[in-house]
Each structure stands twice: as structure tokens, then as C-alpha cells.
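Quick one: this structure, given as C-alpha cells, is what I'll be asking you about.
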Amino acid sequence: MEGSMILALLVLCTGLAAGSEEHAIKDFDFSKFAGLWYEICFAMKAGAPAKDPEAEKIGGVVLQLENGSLILTAAHYEDHCVVEKTTATKKVVPGTFTIIREGGKGNKEVQVLSTDYKTYAVMDIHFMMDNVSHQVMKLYSRSLDHNEKALEKFHEVAQEHGFKEPDFHLLKNDTACVTALQGPV
Ligand SMILES: *[C@@H]1O[C@H](CO)[C@@H](O)[C@H](O)[C@H]1NC(C)=O
Ligand SMILES: *[C@@H]1O[C@H](CO)[C@@H](O)[C@H](O)[C@H]1NC(C)=O
Ligand SMILES: *[C@@H]1O[C@H](CO)[C@@H](O)[C@H](O)[C@H]1NC(C)=O
């Protein structure tokens, strides 16, 4: 009993660190993870930047494996549609990678916390903005329909990581931006 409480506390504490071994998906397979993902929901704690550039409309990302490195082509809405291609480096912990951003924007540390490869993926993202570190959790889906199960899973995982109901933001189903990703990239 006492042991399980200590374990629960440990899980809570280590959950705050990025790229932790603890939450690693064993046998994570980047080749199965590749392809198109729609971003349909995110969770960000209060006190985070007031204007989240990725808010409102659904975004998306295409992951490609090339010579062992990851190429990400992401689209998000920021007054207008922005499509950005970046390179990421895989790290030692399975399912973790660093997105290298140019222009002094600071890198992003990403960990895939949960995925079944076929329908949903929950990602934990840490980045610096104005010298303050931020954490955002994102729910990605392979489809724009029937995402109830994925949303349920997302709430479960994000709550385990300390996010509360007001932190969740469901994105509007406006595909204006992601259609750019649906063709060949
Ligand atoms: C991957 O490797 C091939 C062959 O070595 C090379 O031609 C190609 O430019 C490389 N691609 C990238 C993105 O580095
Ligand atoms: C961030 O920190 C560095 C080094 O501590 C400092 O030089 C810089 O002015 C800070 N930038 C901002 C935006 O606070
Ligand atoms: C979201 O929009 C797409 C494209 O218009 C549509 O195919 C899909 O059914 C919509 N999903 C929901 C849940 O309304």
C-alpha cells in the first residue's frame, strides 16, 4: 500500500521531466510512426504564452525517415497557413527526438508518450520561449473523424501528467491549412 503510494508520487514527479525513460514506449518504431498526423487537441498549462500560435484550427505534420534522421513537415495556422520543414534528431530514449529550429528559436524536445500508430498519438513537447520553459501536450490523429477514443486517451494521459480540464483546447475542424500536407510533400 505504502509502496504503491511512493511509486505514484515518483510517477508524478518524473512525469514533469522531458524525454523520461519512465514513459518510454518499449520497441517504439519510427517507421510505423511515419506519415501524416492531424493535430486535433492540445493541453497547455495556464501561465503559458497567452497567444498560442497553433491554436484554433487543426494543424498537421508529416513525418518522414531519411537516412536515419526524421524530417518533419508541419502545417499550422497563424493568421495564415504556415508550412515548415524541419529536421529532428532521434534520441536514446525510444520515441524521443529533438526538433532543431533555426534563427535562435530554441529547440523542441519531443516524446511520444502513447500511440497505437494507426489511430492516435500523444506527444509531450518542451520548448523555451523568452528564457522560460514551456510544456505542451498534443493529440495527433490519423483521421479527422471518430476521434472520441483518441480524445479520451489524451485526457487520461495528459491528466496523469498534471494537466487539468481548463488546460485542454480542442482545435476547430477547419482543414484549410492541412490540405497542404495531404498531397505529396
Ligand atoms: C541520404 O543518403 C543518400 C545516399 O547516401 C544521399 O544521396 C541523400 O542526399 C541523403 N539524404 C539526406 C536528406 O541527407
Ligand atoms: C535570456 O537569458 C540570457 C542569458 O541568461 C540573457 O542574455 C538574455 O537577455 C535573456 N533573454 C530574454 C528574452 O530574457
Ligand atoms: C472535419 O472536416 C473534414 C473535412 O471537411 C471532414 O471530412 C470530417 O468529417 C470532419 N470531422 C468532423 C468530426 O466533423
Side-chain angles (χ1 to χ4, degrees), residues 15 23 25 28-66 70-88 95-97 99 101 105 108-127 129 134-185:
H23 299 287
I25 298 171
F28 184 84
D29 188 341
F30 270 110
S31 61
K32 284 204 285 189
F33 195 69
L36 172 63
W37 288 102
Y38 297 106
E39 182 194 341
I40 57 170
C41 188
F42 71 94
M44 208 173 199
K45 293 207 171 100
K51 181 181 173 286
D52 178 65
E54 282 143 329
E56 291 182 43
K57 295 181 185 180
I58 54 170
V61 63
V62 174
L63 275 101
Q64 293 162 290
L65 275 171
E66 232 173 275
L70 280 173
I71 315 285
L72 285 88
T73 310
H76 68 271
Y77 202 83
E78 196 178 320
D79 302 324
H80 62 284
C81 188
V82 179
V83 178
E84 228 176 348
K85 200 164 181 171
T86 50
T87 314
T96 63
F97 53 94
I99 299 174
R101 298 202 300 167
K105 283 203 258 179
K108 284 186 176 178
E109 301 295 333
V110 183
Q111 178 166 27
V112 183
L113 289 177
S114 180
T115 188
D116 62 357
Y117 303 102
K118 297 191 300 285
T119 56
Y120 80 95
V122 178
M123 291 201 229
D124 186 17
I125 300 158
H126 290 248
F127 61 98
M129 197 187 271
H134 295 287
Q135 179 187 18
V136 57
M137 275 208 181
K138 293 185 175 185
L139 171 64
Y140 287 88
S141 172
R142 291 287 196 192
S143 143
L144 293 167
D145 283 308
H146 310 298
N147 285 315
E148 299 79 10
K149 284 249 155 60
L151 281 162
E152 223 170 88
K153 185 78 189 168
F154 181 55
H155 279 250
E156 186 187 307
V157 175
Q159 278 167 359
E160 276 168 19
H161 285 76
F163 288 91
K164 304 216 158 53
E165 216 41 61
D167 303 329
F168 290 92
H169 304 272
L170 189 62
L171 298 171
K172 205 164 77 193
N173 188 25
D174 180 328
T175 54
C177 201
V178 290
T179 48
L181 298 176
Q182 285 163 337
V185 287

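Counting convention: from 1, in listed order, for ligands and their atoms alike.
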Return a yes/no value for T175: is any of its N or O atoms, backbone included, closer than 3.5 angstrom to an N or O of ligand 3?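 T175 vs ligand 3: no N/O contact under 3.5 Å.
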On a heavy-atom basis, the closest approach of A34 and R142 is O-NH2, 3.0 Å
Inset, instruction - Measure up the H161 and H23 rings against each other and bin them: parallel (under 30°), tilted (30 to 60°), perpendicular (over 60°). - result: tilted
Strictly under 6.0 Å, is that where the ring centroids of F154 and Y120 end up?
no
- Item | Heavy atom of the protein closest to atom 9 (O) of ligand 3 (residue, atom name, distance) |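 Result: D145 OD1, 2.7 Å.
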among protein heavy atoms, the one nearest atom 14 (O) of ligand 3 is N173 ND2, 3.3 Å
When Q159, M137, M44 are each screened for side-chain contact (heavy atoms from CB on, under 4.5 Å) with F168, the one that passes is Q159
